[in-house]
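So the structure is just underneath, and the comments pick up after that.
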Amino acid sequence: MLSLYNTLTKSKEELKPLESGKIKMYVCGPTVYDYFHIGNARSFINSDFIRKYLEYRGYEVTFAMNLTDIDDKIIKKANSEGVEANDIAKKYTTAFMEDIHRLNVKPATIYPKATEHIPEIIELTQKLITNGFAYESNGDVFFEIDKFQGYGKLSGKHLEDLVEGARVEVNSSKKSPLDFALWKSAKPGEPSWESPWGNGRPGWHIECSAMSCKHLGETFDIHAGGNDLIFPHHENEIAQSEAANSKQFVKYWLHFGFLNINDEKMSKSLGNFFTARDLLKVYSAETLRFFFAQTHYGAPLNFSDEGLDGAKKGLKKLDNLIERIKELSNDIEIKDNGAVSNFADFIRLFEEAMDDDFNTPKACGVLFDFLKEANRKLDTQVGIDGKLLFDIKSFISATAVDIFGFTSFNKVVESSNSLENELIELLISVRTESKKAKQFQLADYIRDEMKKLGISLKDTKEKTTFSKD
Ligand code: AMP
Ligand code: ZN
């Protein structure tokens with residue numbers, strides 16, 4: 001039984017899809033006005049773990065992630081650079097796609113963009129006016145919070161407290177300070193679209209209601225996003241969608257904990273961030289993914305170099321086992337004989353961990369216990385057979401490769417054919433020759449210099465092998 005923590009009910013619930021065998025999932029994506037930081041990346045990677053595990057469990061997942069491509073931040077950046085808002089959105093949408101690919105995140109089934117859904121947004125806004133939940137005022141359209149019973153059910157906030165704490169805006173055309181914009185009238189120099197209320201552009205919250213409804217239906221299974229989106233963004237999405245359609249909007253709400261730095265949320269506005277792009281110059285996507293997987297998606301995580309270095313070291317053990325399997329497969333054919341896996345217990349434990357609200361740290365623990373056991377079996381088993389190799393490879397493929405993206409068999413195969421590896425082999429043979437010619441100083445020099453480059457040599461009776469740090 002797969003269970004997940006639902007922010008709406010504040011409890012762990014069994015996952016029961018609306019349609020058997022299918023999951024429709026929506027995750028709030030980026031506002032494309034800059035390169036995304038590794039805090040954003042944590043949310044994208046956590047949703048990738050969840051989506052891939054659901055697929056592992058046999059669900060057909062329709063995964064939508066929106067791109068907010070019209071917004072105050074985009075307009076501000078365009079004005080400061082003297083270009084069109086659209087140019088900024090296009091540039092950073094391309095950058096987003098590149099970075100997501102580098103992070104080994106599976107592309108969404110669909111990436112709906114706000115600017116490509118203006119008719120749907122207008123239609124939904126119109127419906128809310130017709131149903132009495134929204135009103136027009138000087139070319140703006142606002143959602144009237146007082147009209148929606150149940151406002152606050154996701155975040156646990158009470159209307160009375162919110163009203164008390166709200167800042168009353170001077171000259172506001174809103175009925176209540178809490179009412180939020182569905183449609184914003186055009187300001188000079190801003191992009192705008194025609195609407196029944198004059199030229200303008202959509203508010204932020206309405207795009208997610210309109211696009212999720214169009215692509216996933218009026219009610220769908222899972223909606224996720226960072227903790228910062230619970231209020232007001234997701235609360236407002238619920239109000240808009242349920243007021244318009246008179247039915248439950250989303251069954252399960254999942255929220256991701258923040259990536260913090262010195263116990264403060266990593267964010268653009270605080271300036272305490274690293275872009276994913278820059279971090280990937282120093283650490284691999286695999287290392288970052290493993291670093292994230294070691295903490296539950298809902299818990300906060302502190303960024304640290306030590307954490308990333310630890311993750312890098314840990315993954316080495318995994319890659320060493322893959323190398324070992326590949327070497328052994330030169331002599332033994334990897335093959336299945338249909339019998340139960342040698343690692344059936346580990347498969348069960350792995351699934352139990354992931355079935356329990358996607359407990360990735362526990363699942364990583366199982367993976368590393370498996371590494372120990374696999375190596376132990378390879379060390380001690382007399383007459384290693386193709387089935388043992390098959391079971392080891394299958395477990396790694398299904399978990400570390402397909403769900404977590406910690407490594408890849410291809411990557412290792414590719415790199416062992418790469419020019420870099422051929423050059424390393426060439427240096428090793430020069431060293432071997434120099435030893436034969438008793439030029440030990442040269443041989444040591446080659447070994448020491450290679451070590452400085454992060455390549456360790458290991459001499460055995462038959463040959464010299466290498467490993468990269
Ligand atoms: P934004 O472009 O700021 O709207 O953020 C895109 C996604 O990243 C949203 O789901 C945010 O909740 C999430 N996010 C932003 N900052 C962080 C952070 N420091 N840690 C985790 N997720 C974050
Ligand atoms: Zn959203």
Side-chain angles (χ1 to χ4, degrees), residues 102 104 278-291 305-334 367-368 370-386 388-390 392-393 395-397 400-401 405-469:
R102 287 185 193 142
N104 203 356
D278 283 344
L279 194 94
L280 285 175
K281 291 178 190 153
V282 188
Y283 293 98
S284 68
E286 289 81 2
T287 298
L288 189 62
R289 291 178 71 99
F290 182 43
F291 174 60
D305 279 332
E306 297 76 48
L308 281 160
D309 289 336
K312 186 174 165 185
K313 260 201 202 129
L315 284 190
K316 192 104 210 320
K317 291 188 190 143
L318 180 62
D319 283 333
N320 286 344
L321 180 61
I322 291 183
E323 275 305 315
R324 200 169 175 191
I325 294 295
K326 281 171 54 199
E327 269 172 31
L328 286 165
S329 71
N330 291 331
D331 306 321
I332 306 161
E333 192 193 348
I334 298 185
L367 178 63
F368 279 77
F370 154 84
L371 291 186
K372 266 191 228 136
E373 178 61 9
N375 277 313
R376 195 192 62 77
K377 275 196 156 67
L378 292 174
D379 289 341
T380 56
Q381 191 156 315
V382 189
I384 294 167
D385 58 9
L388 178 62
L389 300 188
F390 176 86
I392 294 174
K393 193 173 174 188
F395 188 81
I396 295 175
S397 291
V401 178
F406 291 163
T407 185
S408 121
F409 284 91
N410 292 341
K411 180 194 89 186
V412 186
V413 172
E414 267 169 29
S415 69
S416 57
N417 293 333
S418 70
L419 177 65
E420 181 185 296
N421 285 359
E422 283 175 33
L423 288 171
I424 293 171
E425 291 294 354
L426 181 66
L427 277 173
I428 290 175
S429 66
V430 171
R431 179 169 168 266
T432 309
E433 289 308 311
S434 56
K435 278 206 288 190
K436 276 188 201 157
K438 307 223 174 319
Q439 294 179 356
F440 296 114
Q441 220 177 342
L442 176 60
D444 288 348
Y445 174 75
I446 293 172
R447 192 196 55 217
D448 295 345
E449 290 302 305
M450 288 177 82
K451 179 86 195 142
K452 283 185 199 159
L453 296 172
I455 298 153
S456 308
L457 302 186
K458 194 169 150 202
D459 294 318
T460 62
K461 245 189 280 155
E462 295 83 31
K463 61 175 185 174
T464 302
T465 57
F466 70 90
S467 59
K468 296 179 193 170
D469 296 344

Check your understanding: To the nearest 0.5 Å, what is the distance between OG1 (Thr407) and CZ (Phe290)?
Key -> 12.0 Å
Check your understanding: With a 4.5 Å heavy-atom cut-off, do Leu308 and Lys312 have their side chains touching?
Key -> no
Review point. Name the one of Thr465, Ile428, Asp448 that satisfies side-chain contact (heavy atoms from CB on, under 4.5 Å) with Leu457?
Key: Ile428
Check your understanding: Name the one of Lys458, Met450, Glu425 that satisfies side-chain contact (heavy atoms from CB on, under 4.5 Å) with Phe466?
Key -> Glu425
Exercise for review: Could you go through the side chain to side chain contact (heavy atoms under 4.5 Å, CB included) check for Ile396 and Phe406 one step at a time?
Suggested key: CA-CA 10 Å; Ile396 295 175; Phe406 291 163; over 6 Å; no
Review point. What's the spacing between Leu388 CG and Ile332 CD1 if we round to 0.5 Å?
Key: 8.5 Å
Review point. With Ser284, which residues qualify under side-chain contact (heavy atoms from CB on, under 4.5 Å), at least two apart?
Key: Glu286, Thr287
Review point. Would Lys452 and Glu449 pass as an ion pair if we require N to O under 4.0 Å?
Key: yes
Point to revise | Full working for side chain to side chain contact (heavy atoms under 4.5 Å, CB included) between Lys393 and Phe395 | key: CA-CA 6 Å; Lys393 193 173 174 188; Phe395 188 81; over 6 Å; no
Practice item. Mind listing the closest non-hydrogen atom pair of Leu442 and Ser434 along with its distance? Key: CD2-CB, 3.8 Å
Review point. Could you walk me through whether Leu378 and Leu389 pass the side chain to side chain contact (heavy atoms under 4.5 Å, CB included) check?
Key: CA-CA 9 Å; Leu378 292 174; Leu389 300 188; 3.9 Å; yes
**Study point:** Side-chain (Arg431) to main-chain (Thr464) donor-acceptor, under 3.5 angstrom
**Key:** no
Practice item. Please report the C-alpha distance between Glu323 and Lys326 in whole Å, then the side-chain angles of each, then the deciding distance to 0.1 Å, and finally whether the salt bridge (charged side-chain N to carboxylate O under 4.0 Å, His left out) criterion is met. Key: CA-CA 5 Å; Glu323 275 305 315; Lys326 281 171 54 199; 3.7 Å; yes
Exercise for review: Determine whether Phe370 and Lys372 make a side-chain contact, defined as any pair of heavy atoms from C-beta on separated by less than 4.5 Å.
Suggested key: no
Point to revise | Asp444 with Arg447: basic N within carboxylate O range, under 4.0 Å | key: yes
Revision key, fill the gap. NZ of Lys377 to CG of Asn375, rounded to nearest 0.5 Å, is 12.0 Å
Point to revise | Reported OG-to-CD1 distance for the pair Ser429 and Ile446, which is rounded to 0.5 angstrom | key: 9.0 Å
Study note, to complete from the structure: When rounded to the nearest 0.5 Å, the distance separating CG of Asn330 from CD1 of Ile325 is 11.5 Å
Review point. Going through the checks in order, is the side chain to side chain contact (heavy atoms under 4.5 Å, CB included) test met by Asp385 and Phe390?
Key: CA-CA 9 Å; Asp385 58 9; Phe390 176 86; over 6 Å; no
Revision key, fill the gap. Those residues at least two apart in sequence (or on a different chain) that pass side-chain contact (heavy atoms from CB on, under 4.5 Å) with Glu433 are Lys436
Point to revise | Ion pair Asp278/Lys281, N-O distance below 4.0 Å | key: yes
**Study point:** Phe291 CZ to Asp309 CG distance, which is reported to the nearest 0.5 Å
**Key:** 10.0 Å
Point to revise | For Leu371, all residues meeting side-chain contact (heavy atoms from CB on, under 4.5 Å), sequence neighbours excluded | key: Lys317, Leu318, Leu321, Phe368
Revision key, fill the gap. For Lys435 and Ala443, the nearest pair of non-hydrogen atoms, with its separation, is CG-CB, 3.5 Å
Review point. Does any non-hydrogen side-chain atom of Arg324 lie less than 4.5 Å from one of Asp379?
Key: yes
